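So the structure is just underneath, and the comments pick up after that.
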Amino acid sequence: MNLNEASQRAHTAERTLRNLSLDIRNQVLLDFADNLEKYTDEIIAENKKDTDSALSKGMAQAKIDRLLLNQERIQKIAQGIRQTASLPDPLHRVLEERTLSSGIHFRKISTPMGVIGIIFESRPNVSADCAALCFKAGSACLLKGGKESYYSCRAVISQMHAALRKYNINKDAVLLAENPSHEETDAFIADPHSLDLLIPRGGRKLIDAVVAGARVPVIQTGAGVCHVYVENSADTKMAENIVINAKCQRPSVCNAMETLLVEEKIAPSFLPHMVSLLQEHGVTIYADETARSIVSGMKPADEDSWYTEYDDLIMNLHVVKNTLEAINHIEKYGTHHSESIISEDSSEVEKFMNGIDSACLYHNASTRFTDGFEFGLGAEIGISTQKLHARGPMGLNELTTSICYMEGNGEIRK
């Protein structure tokens, strides 16, 4: 099945989803979650095919971590799907209602998007999250994962198909592309009739390529050059804990910290122990000249360093004069994803929060919380870093559009 055929089948299936009751949609998701847990061993066995192949090809350990499924991760995926099932119906919400001067009664109602395409890289949990969210939001989805995660994604989606079959729902509501070539994918996203919405999830290279080639609406997600700024008044113990969590808890994900900014007044006392802790966790640090004059042994950072999303135990360190310089650095080099200030000075916090144009801003907390599950959305379709339609973790409501209902009593326009 090529992508064009998959698109046609998804559009056909999508028309059958609009009238499914909330109860049926939720029950499908609950069964999907149960299936994932029931067949955990089978899913892990398929995942091992992908990880073994990745290892044989010399894939970096951090990227293999993105690819890995184990019992704990599958249980968390299932938990997220159940949380999605527990959320209010995103469809048929009255967004606006009034009577027009003509006497016609006007209502704006939330409605399904249609067919949503998701192009993602090596994280097989994306297939489950997107399948669950799109289905509950009344849309069909066409998933194209990286070839390195194909067996894992196929195993996950087979459990969604089993849940759909149980309720006699067309399984084409959730389709997984069968490793199409780059040429086929490029031609597909250039067809304005292929999809109603396209969401790339991955690094900057993937997102830029999709945005450049697509002729369907695109929401940009994922690329995360995230920053933590330690301001002069920071509680240093708190700052250390947050920095270690933001960088080391799971370095391969988009909400992990890539650059640590430290105000110069606190740098001489703060950096020696902070750098030592990071190095104990196996972190390689690229630092500016000021930081290297305080702590030796770090690699020199260059202009490219500040733009880099490492997705690994690698990071940047930059000493700044003040909060304004931290803001300017983030605005120049960041991806408008997630930034955090560690500070006890409310005026500096306000300056930071008002000065940065990113989707998620934190005060005295780790950037790792930018996540649909943590935000109570069940899961996420991605972290939108753009401004139109959706921003930040995208959940059910962000996967709908609107339609206007007008009810009259014989009115005609004069």
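Here, residue 1 is the first one in the sequence, and each next residue gets the next number. All values reported here derive from a predicted model rather than from experimental measurement.
Side-chain atoms of Ser343 and Ser233 include a donor-acceptor pair closer than 3.5 Å. Asn316 and Tyr333 share no side-chain donor-acceptor pair at under 3.5 Å. With hydrogens and angles left out, the side-chain atoms of Thr370 and Ser338 include a donor and acceptor closer than 3.5 Å. Using a 3.5 Å distance cut-off with no hydrogens or angles, the side chains of Glu348 and Thr323 do pair a donor with an acceptor. Checked by atom type, the side-chain pair Gln61/Asp312 shows no donor-acceptor distance below 3.5 Å.
Applying the side-chain hydrogen bond (donor to acceptor under 3.5 Å, both in side chains) test to Asp235 and every residue at least two apart in sequence or in another chain returns nothing. Ser305 meets the side-chain hydrogen bond (donor to acceptor under 3.5 Å, both in side chains) test with Asp302; sequence neighbours excluded.
Across all their heavy atoms, Ile43 and Val156 have their closest contact at CG2-CG2, 4.3 Å. Pairing each heavy atom of Ser152 with each of Asn47, the nearest pair is OG-ND2, 2.9 Å. Considering all non-hydrogen atoms of both residues, Ala301 and Asp288 come closest at CB-N, 4.3 Å. The shortest non-hydrogen separation linking Ser366 to Asn245 is OG-OD1, 2.7 Å.
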Could you walk me through whether Arg201 and Glu121 pass side chain to side chain contact (heavy atoms under 4.5 Å, CB included), step by step? CA-CA 7 Å; Arg201 286 194 58 171; Glu121 292 177 330; over 6 Å; no

Stepwise, does the side chain to side chain contact (heavy atoms under 4.5 Å, CB included) test hold for Leu17 with Arg25? CA-CA 9 Å; Leu17 301 183; Arg25 281 179 280 140; over 6 Å; no

Give the intermediate values and the outcome of side chain to side chain contact (heavy atoms under 4.5 Å, CB included) for residues Ile169 and Phe135. CA-CA 11 Å; Ile169 299 169; Phe135 180 76; 4.0 Å; yes

Could you walk me through whether Val295 and Met274 pass the side chain to side chain contact (heavy atoms under 4.5 Å, CB included) test, one step at a time? CA-CA 10 Å; Val295 182; Met274 182 75 261; over 6 Å; no

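The backbone N or O of Ala140 sits nowhere less than 3.5 Å from a side-chain atom of His11 that would complete a donor-acceptor pair. At distances below 3.5 Å, at least one donor-acceptor pair connects side-chain atoms of Glu398 with backbone N or O atoms of Gly395. Put simply, the side chain of Lys166 never gets that close to the backbone of Asp31: no donor and acceptor are under 3.5 Å apart. At least one donor-acceptor pair closer than 3.5 Å links the side chain of Thr367 to the backbone N or O of Asn255. Thr84 contributes a side-chain N or O that, together with a main-chain N or O of Gly80, makes up a donor-acceptor pair within less than 3.5 Å. The backbone N or O of Gln8 lies less than 3.5 Å from a partner atom in the side chain of Thr12, making a donor-acceptor pair. Listed for the Arg292 side chain is a donor-acceptor partner under 3.5 Å among the backbone atoms of Ala287. At distances below 3.5 Å, at least one donor-acceptor pair connects side-chain atoms of Ser194 with backbone N or O atoms of Phe188. No donor-acceptor pair closer than 3.5 Å links the side chain of Ser149 to the backbone N or O of Arg123. In terms of modelled atom types and a separation under 3.5 Å, the side chain of Ser110 and the main chain of Pro90 share a donor-acceptor contact.
The local environment of OH in Tyr286 is sparse, with at most 12 non-hydrogen atoms from other residues, nucleotides or ligands closer than 6.0 Å. By the 6.0 Å contact criterion, CD on Gln71 is open, its count of non-hydrogen atoms from other residues, nucleotides or ligands being 12 or less. Around NZ of Lys76, the count of heavy atoms belonging to other residues, nucleotides or ligands within 6.0 Å does not exceed 12. Annotation: Tyr150, atom OH; neighbour count of heavy atoms from other residues, nucleotides and ligands within 6.0 Å is above 12. No more than 12 heavy atoms of other residues, nucleotides or ligands sit less than 6.0 Å from atom CD of Glu289. The environment of OH in Tyr39 is sparse: at most 12 heavy-atom neighbours from other residues, nucleotides or ligands sit within 6.0 Å. Other residues, nucleotides and ligands contribute more than 12 heavy atoms inside 6.0 Å of the NE2 atom of His92. Surrounding CD of Glu407 are at most 12 heavy atoms belonging to other residues, nucleotides or ligands under 6.0 Å away.
The pair Arg9-Glu5 meets the salt-bridge criterion, with a side-chain N (NZ, NE, NH1 or NH2) lying under 4.0 Å from an Asp/Glu carboxylate O. The pair Arg82-Asp34 counts as a salt bridge, with a side-chain nitrogen and a carboxylate oxygen less than 4.0 angstrom apart. Looking at Glu231 and Lys351, no side-chain N of the basic residue comes within less than 4.0 Å of a carboxylate O on the acidic one, giving no salt bridge. For the pair Asp50 and Arg154, the salt-bridge criterion is not met [side-chain N within less than 4.0 Å of a carboxylate O]. In summary, Arg73 and Asp65 engage in a salt bridge, as defined by a charged side-chain N under 4.0 Å from a carboxylate O.
Residues Tyr307 and Val225 are not in side-chain contact: their nearest non-hydrogen atoms beyond the backbone lie 4.5 Å or more apart. Taking 4.5 Å as the limit, some side-chain heavy atom of Leu271 sits within range of a side-chain heavy atom of Leu317. A heavy-atom distance below 4.5 Å is not found between the side chains of His336 and Ile356. With a 4.5 Å cut-off on side-chain heavy atoms, Glu339 and Phe352 count as touching. A heavy-atom distance below 4.5 Å is found between the side chains of Ile119 and Ile189. Between Tyr310 and Met257 the shortest side-chain heavy-atom distance does not fall below 4.5 Å. Annotation: side chain of Tyr362 is not in contact with side chain of Cys226 (no heavy-atom distance under 4.5 Å). Looking at heavy atoms from C-beta onward, Cys248 lies in side-chain contact with Leu313 at the 4.5 angstrom threshold.
A distance of 12.0 Å separates OG in Ser346 from CE in Met353, rounded to the nearest 0.5 Å. Put simply, SG on Cys141 and CG on Leu197 are 11.5 Å apart, with the number rounded to the nearest 0.5 Å. The CG atom of Leu399 sits 6.0 Å away from the CD1 atom of Ile199 when rounded to the nearest 0.5 Å. If you take OG on Ser21 and CG on Leu91, they are separated by 11.5 Å, rounding to the nearest 0.5 Å.
Residue Glu258 is tested with His227, His337, Lys247 for a side-chain hydrogen bond (donor to acceptor under 3.5 Å, both in side chains); the sole match is Lys247.
Aromatic ring pairs are classed by plane angle as parallel below 30°, tilted from 30° to 60° and perpendicular above 60°; the pair His329 and Trp306 is perpendicular.
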